[in-house]
Amino acid sequence: YPVEVRLHLSRTETPPVFVAIIQDITERKRTEEQLSHLAYYDTLTGLPNRALLLDRLQQAMVKADRVDRLVAVLFLDLDRFKVINDTLGHHLGDGLLKAVAERLKDCMRAGDTISRLGGDEFTVVLADVAHVDNVTRVVHKILDSFARPFRVDDRDLFTSVSIGITLYPFDVHDAEGLLKNADAAMYHAKESGRSTFRFFTADLNVRAERRLALETALRQALEKNQLSLHYQPQVDLKSGRIIGMEALARWQHPELGQVPPIEFIPVAEETGLILPIGEWALREACRQIKAWHATGFPKLQVAVNISGKQLLQKNFPEQVQAILRETGLAARYLDLELTESILMVDAGGGAAAMQALHALGVSFSMDDFGTGYSSLAYLKRFPIDVLKIDRSFVRDLTTNPNDAAIVKTIIAMAHTLGMRVIAEGVETYEQLAFLRDQGCDGSQGYYCSKPLAADDFTEL
Ligand code: C2E
Ligand code: MG
Ligand code: MG
């Protein structure tokens, strides 16, 4: 055991003697170690923390320069960890993080550093890499290792991980920059469908910055009146008359320009901004259609896109009812468009809200049909009035016999189940004629009209 030795010369004796005081300092050494451990290690998992990681990364970079090797930085983020934490509790969440740390250690060589940066984010530094293939091999090993469940408190938990990778000296030359790049690449991996990996590329930085700018700007879009609705007519294929319209959100930002919904709706959904934005769209569409009714135009129905988050709010039916009351619009003129994925996620809660609204007279459309679960039998469990065939099937309808067969079948089966069918993205007369001949009820697409601002729709 470690000791501290103090020597005193004592002249009171003859001859003088040395007095040695020997003290066991095991305790003090342990405290010192604990303090330095606290400064450099994560208390939950015992892995190096950010400070130690940066230190090791810098050492690895210096060494790599000398021996002409690469350093790879992997940024790992568990997929849907928040759900596990929120539903099973922090205790199991912490247990899972510890188990993940152990699993990662098993995938690494001795010289590699695994660290936890906080939350469910881990970083791995692979030092002394001879070839990129070695990196992808390790990454595959990590991804595969997540196929097995994690044992936490006698429970088997499953999680997957998304991994972003950056390479030194290819991408940037400082440790902080490498971490930032790997983080951006990790986001890209998440966007590409999770449980996968992506390498950093230069344009990811540009995209990450734009995303951040979008998010910041979107928070103010509503109060600054930058959002508006455009309306795209839906045409009856027998009579050729306009039978309704779909309301589509538009965002005009002074610096970012016209931001398309496929870009800002996902950001709105991730940040929860879809709730106020969706409520605004619903109110605005009802107000506008009521105004058209009041000025003597035919009583058309308006379709409004609803995100899953909106439908699953506890008071969604009440919210819709309040908006209808406020705007004086009868429920039968409102149609709500949902995508298949919404019904897959939480069939129970969503179905109840749909039934309640359907009983009031609100109708429902299944949007983008064919891109998700695509089970007509399954759909029968929900009060769906209209099936909208996704644009991707309509596009090659006249050239691809498979698409033509799919569209024919969807129309026939939907009719058997008592639903109407509207084809999306009809751009040519040939497509329109084919759909009409197959008995499709309605068409929506550029052939008839692009989505129009309210004034232009009045004109039309
Ligand atoms: P969606 O609901 O499937 O809307 C149809 C999309 O197809 C619209 O794109 C429309 O402009 C486009 N489109 C219509 N006809 C044609 C055509 O002939 N050819 C082609 N190539 N495209 C056509 P948009 O307006 O960009 O909206 C994209 C998506 O954003 C919508 O897809 C919808 O999922 C979402 N979205 C738009 N507004 C809202 C909203 O207020 N709330 C929510 N939750 N989602 C919205
Ligand atoms: Mg839609
Ligand atoms: Mg659609």
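Counting convention: from 1, in listed order, for ligands and their atoms alike. As the structure is a computational prediction, the values presented were derived from the model and not from experiment.
Excluding water, every protein N/O/S atom under 2.8 Å from the Mg ion (ligand 3) is given here by residue and atom: Asp367 OD1, Asp368 OD1, Glu424 OE1, Glu424 OE2.
Interatomic distance, CD1 of Ile384 versus CE of Met366, reported as 3.5 Å (0.5 Å rounding). Of the inter-residue distances, the one linking Asn225 atom CG with Gln220 atom CD reads 13.0 Å to the nearest 0.5 angstrom.
For the Mg ion (ligand 2), the nearest N, O or S atom contributed by Glu246 is named OE2.
Remark: of the listed residues Val139, Asp77, Leu76, Leu76 is the sole one forming a side-chain contact (heavy atoms from CB on, under 4.5 Å) with Val161.
When all heavy atoms of Leu397 and Asp403 are compared, the pair lying nearest together is CD1-O, 4.1 Å.
Every pair tested for ring-ring contact (aromatic ring centres under 6.0 Å, His included) that includes a residue from residues 385-435 fails, sequence neighbours excluded, so the list is empty.
Protein neighbours of ligand 1 below 4.0 Å, counting non-hydrogen atoms: Gln232, Glu246, Leu248, Ala249, Arg250, Pro261, Ile265, Ile274, Ala281, Asn305, Ser307, Glu337, Asp367, Asp368, Arg391, Glu424, Gly425, Val426, Glu427, Gly445, Tyr446, Pro451.
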Show, in sequence, the C-alpha distance, side-chain angles and deciding distance for Ile142 and Phe146, and conclude whether the side-chain contact (heavy atoms from CB on, under 4.5 Å) test is met. CA-CA 7 Å; Ile142 296 175; Phe146 274 70; 3.9 Å; yes
Derivation of the ring-ring contact (aromatic ring centres under 6.0 Å, His included) call for His140 and Phe197: CA-CA 9 Å; His140 279 296; Phe197 67 94; 5.3 Å; yes
Trace of the side-chain contact (heavy atoms from CB on, under 4.5 Å) decision for Glu340 with Asp368: CA-CA 8 Å; Glu340 293 169 78; Asp368 307 339; 5.7 Å; no
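Shown here is His173, whose NE2 atom has more than 12 heavy atoms of other residues, nucleotides or ligands within 6.0 Å.
Under the salt bridge (Lys or Arg N to Asp or Glu O under 4.0 Å) criterion, Arg283 pairs with Glu279, Glu326, not counting sequence neighbours.
Because the distance cut-off is set at 2.8 Å, Ser365 fails to qualify as a neighbour of the Mg ion (ligand 2), as none of its N, O or S atoms comes that close.
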